[in-house]
Amino acid sequence: MIFGIDAGGTLIKVAYAKNGTLQFTKFPIAEIEKVASWVNEQSESRVCITGGKAGVLLSLLNKKAKEIMEFEATHLGVKFLLERMGRVEDSYLVTNVGTGTSIHCIENNRQERIGGTGVGGGTLLGLSHLLTGVTNYEEIVRMAGTGSRDRIDLKVKHIYEGKEPPISGELTASNFGNNLFSVAAELSREELLAAVLGLVGETVSTVSVHAAKQCGVSTIIYIGSSFFENPLLKEVVTSYTVLRGAQPLFLENGEFSGAVGALSLV
Ligand code: ADP
């Protein structure tokens with residue numbers, strides 16, 4: 001068996017080839033020893049590892065493994081997954097919304113990291129927990145999907161009351177910036193979670209659109225486990241990216257880009 005493993009800050013993503021077919025699986029980082037045992041049990045296996053916790057995983061393996069820098073692995077994986085989707089793209093931006101967010105410009109088959117933000121999937125989990133006590137990712141996403149941000153966020157059109165605003169009135173003027181003091185005690189967990197998700201989605205898409213302009217491209221490929229079964233985050237990111245003049249693309253299995261890139265180098 002051959003393995004490509006991306007050991008990140010929150011999740012370990014594994015791409016492996018079994019009987020000639022590509023398979024994907026993931027584990028929480030707390031289960032790093034279980035992943036190591038699984039790989040150690042396979043005879044005749046070859047492994048390539050990437051990600052911030054690659055060194056920890058390597059130290060738990062009883063066999064030799066290759067290591068590849070995570071930005072290069074992600075770049076190779078994105079190329080592979082794009083082709084698998086039948087897309088031909090030469091120049092584009094990749095925004096990886098993992099625990100944090102990393103942004104890369106791809107041109108002439110080379111990647112350059114051009115920025116990022118500490119607002120990412122970790123912010124979604126952390127702020128959600130602090131504000132509502134909810135800890136589970138699936139529950140946060142499900143509850144956020146039934147909440148409204150109207151009482152929490154301030155939109156441009158709310159400021160320009162009765163007057164045409166100079167920019168789209170639908171843009172958020174201030175996340176969590178509405179007149180919260182009067183309603184704070186009444187806000188439901190669903191409303192708060194929707195607002196946290198909105199903050200994360202709008203921040204990563206806004207930063208990405210600026211980065212795309214700097215890079216001279218209009219397609220932004222969004223990857224990372226923060227989009228996993230998270231239609232609301234995809235919707236927020238899509239509408240904000242389009243509103244600001246770029247084209248979003250969500251890669252199928254995009255959260256496995258790093259693992260797939262590592263697998264291609266085994
Ligand atoms: P990293 O490589 O830094 O671990 P990922 O791309 O795996 O980053 O994304 C991690 C984020 O994905 C988390 O911060 C969280 O928002 C989201 N996520 C998706 N599925 C899960 C899950 N089962 N458990 C925890 N977080 C999850």
Side-chain angles (χ1 to χ4, degrees), residues 2-17 21-29 35 47-54 57 65-117 120-122 124 137 200 204-205 207-208 211-212 215 217 219-230 233-234 237-238 241 246-266:
I2 56 173
F3 293 94
I5 306 178
D6 176 8
T10 308
L11 300 170
I12 303 171
K13 281 74 62 182
V14 185
Y16 59 103
T21 54
L22 183 57
Q23 318 259 358
F24 302 113
T25 184
K26 52 181 168 265
F27 304 83
I29 193 67
V35 175
V47 190
C48 182
I49 306 183
T50 190
K53 300 276 192 226
L57 184 58
K66 272 194 188 172
E67 195 180 344
I68 170 179
M69 202 274 199
E70 67 175 303
F71 300 159
E72 282 308 320
T74 303
H75 168 48
L76 291 173
V78 166
K79 255 183 72 180
F80 177 90
L81 293 171
L82 260 178
E83 280 165 24
R84 212 160 100 120
M85 280 173 79
R87 299 283 302 227
V88 186
E89 303 279 343
D90 285 333
S91 307
Y92 47 87
L93 197 82
V94 172
T95 294
N96 189 354
V97 189
T99 310
T101 299
S102 192
I103 301 177
H104 307 259
C105 179
I106 314 299
E107 271 175 318
N108 302 323
N109 211 15
R110 292 190 45 198
Q111 75 82 24
E112 184 190 0
R113 185 181 190 275
I114 56 170
T117 163
L124 177 63
Y137 171 78
V200 172
V204 301
S205 44
V207 176
S208 299
C215 169
V217 298
T219 301
I220 303 175
I221 297 181
Y222 290 101
I223 60 169
S225 308
S226 307
F227 296 108
F228 178 69
E229 293 188 353
N230 195 345
L233 188 65
K234 284 184 176 170
V237 166
T238 298
T241 304
Q247 282 96 50
L249 174 62
F250 296 92
L251 268 194
E252 281 161 27
N253 298 303
E255 69 271 30
F256 290 98
S257 298
V260 168
L263 185 72
S264 72
L265 292 178
V266 163

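All residue numbers in this chain count up from 1 along the given sequence.
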Find out whether [X] and [Y] are in side-chain contact, i.e. whether some heavy atom of one side chain is under 4.5 Å from a heavy atom of the other.
{"X": "Phe228", "Y": "Lys26", "value": "yes"}
{"X": "Cys48", "Y": "Ile5", "value": "no"}
{"X": "Thr21", "Y": "Gln23", "value": "yes"}
{"X": "Ile220", "Y": "Leu249", "value": "no"}
{"X": "Phe250", "Y": "Thr238", "value": "yes"}
{"X": "Leu93", "Y": "Thr219", "value": "no"}

Problem set entry | Test log, rule side chain to side chain donor-acceptor pair (under 3.5 Å), inputs Thr99 and Thr10 | CA-CA 6 Å; Thr99 310; Thr10 308; 2.7 Å; yes
For this session: Can you establish whether the number of heavy atoms outside Glu229 located under 6.0 Å from its atom CD is more than 12?
Result: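 At most 12 heavy atoms, drawn from other residues, nucleotides or ligands, come within 6.0 Å of this atom.
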For this session: Under the salt bridge (Lys or Arg N to Asp or Glu O under 4.0 Å) rule, what do Lys13 and Glu255 come out as? Steps first, then yes or no, please.
Result: CA-CA 8 Å; Lys13 281 74 62 182; Glu255 69 271 30; over 6 Å; no
For this session: Apply side-chain contact (heavy atoms from CB on, under 4.5 Å) to Thr95 and Ile223, showing your working.
Result: CA-CA 6 Å; Thr95 294; Ile223 60 169; over 6 Å; no
For this session: Kindly indicate, with the supporting measurements, whether the criterion side-chain contact (heavy atoms from CB on, under 4.5 Å) is fulfilled by Phe27 and Val14.
Result: CA-CA 8 Å; Phe27 304 83; Val14 185; 3.9 Å; yes
Quick one: closest heavy-atom pair of [X] and [Y], and the distance?
{"X": "Gly120", "Y": "Val200", "value": "O-CG1, 3.8 Å"}
{"X": "Ala15", "Y": "Leu22", "value": "CB-CD1, 4.3 Å"}
{"X": "Ser208", "Y": "Ile103", "value": "OG-CD1, 4.0 Å"}
{"X": "Ala73", "Y": "Gly258", "value": "CB-O, 3.5 Å"}
{"X": "Glu70", "Y": "Gly52", "value": "OE2-N, 4.0 Å"}

Using a 3.5 Å distance criterion without hydrogens, assess whether the side chain of [X] forms a donor-acceptor pair with backbone atoms of [Y].
{"X": "Ser257", "Y": "Gly77", "answer": "no"}
{"X": "Thr101", "Y": "Val97", "answer": "no"}
{"X": "Ser102", "Y": "Asn96", "answer": "no"}
{"X": "Tyr137", "Y": "Ser226", "answer": "yes"}
{"X": "Asn230", "Y": "Leu233", "answer": "yes"}

When rounded to the nearest 0.5 angstrom, what distance separates [atom1] in [X] from [atom2] in [Y]?
{"X": "Asn253", "Y": "Leu81", "atom1": "CG", "atom2": "CG", "value": "6.5 Å"}
{"X": "Phe80", "Y": "Leu251", "atom1": "CZ", "atom2": "CG", "value": "11.5 Å"}
{"X": "Glu67", "Y": "Leu57", "atom1": "CD", "atom2": "CG", "value": "9.5 Å"}
{"X": "Leu265", "Y": "Ile49", "atom1": "CG", "atom2": "CD1", "value": "13.0 Å"}
{"X": "Tyr92", "Y": "Leu82", "atom1": "OH", "atom2": "CG", "value": "5.0 Å"}
{"X": "Leu263", "Y": "Lys66", "atom1": "CG", "atom2": "NZ", "value": "11.0 Å"}

For this session: Go through the steps to decide whether Asp6 and Ile12 satisfy the test side-chain contact (heavy atoms from CB on, under 4.5 Å), and finish with yes or no.
Result: CA-CA 6 Å; Asp6 176 8; Ile12 303 171; over 6 Å; no
Problem set entry | Tyr222 vs Thr241, side chain to side chain donor-acceptor pair (under 3.5 Å): CA-CA, chis, key distance, verdict | CA-CA 11 Å; Tyr222 290 101; Thr241 304; 2.8 Å; yes
Problem set entry | side-chain hydrogen bond (donor to acceptor under 3.5 Å, both in side chains) partner of Gln111, chosen from His75, Lys79, His104 |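 Considering His75, Lys79, His104, a side-chain hydrogen bond (donor to acceptor under 3.5 Å, both in side chains) with Gln111 is found only for His104.
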For this session: Take Ile68 and Leu76 through the test side-chain contact (heavy atoms from CB on, under 4.5 Å) and record every step on the way to the result.
Result: CA-CA 11 Å; Ile68 170 179; Leu76 291 173; 4.2 Å; yes
For this session: Identify whether the distance between the nearest side-chain nitrogen and carboxylate oxygen of Glu252 and Arg84 falls below 4.0 Å.
Result: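 Not counted as a salt bridge, because no side-chain N and carboxylate O are separated by less than 4.0 Å.
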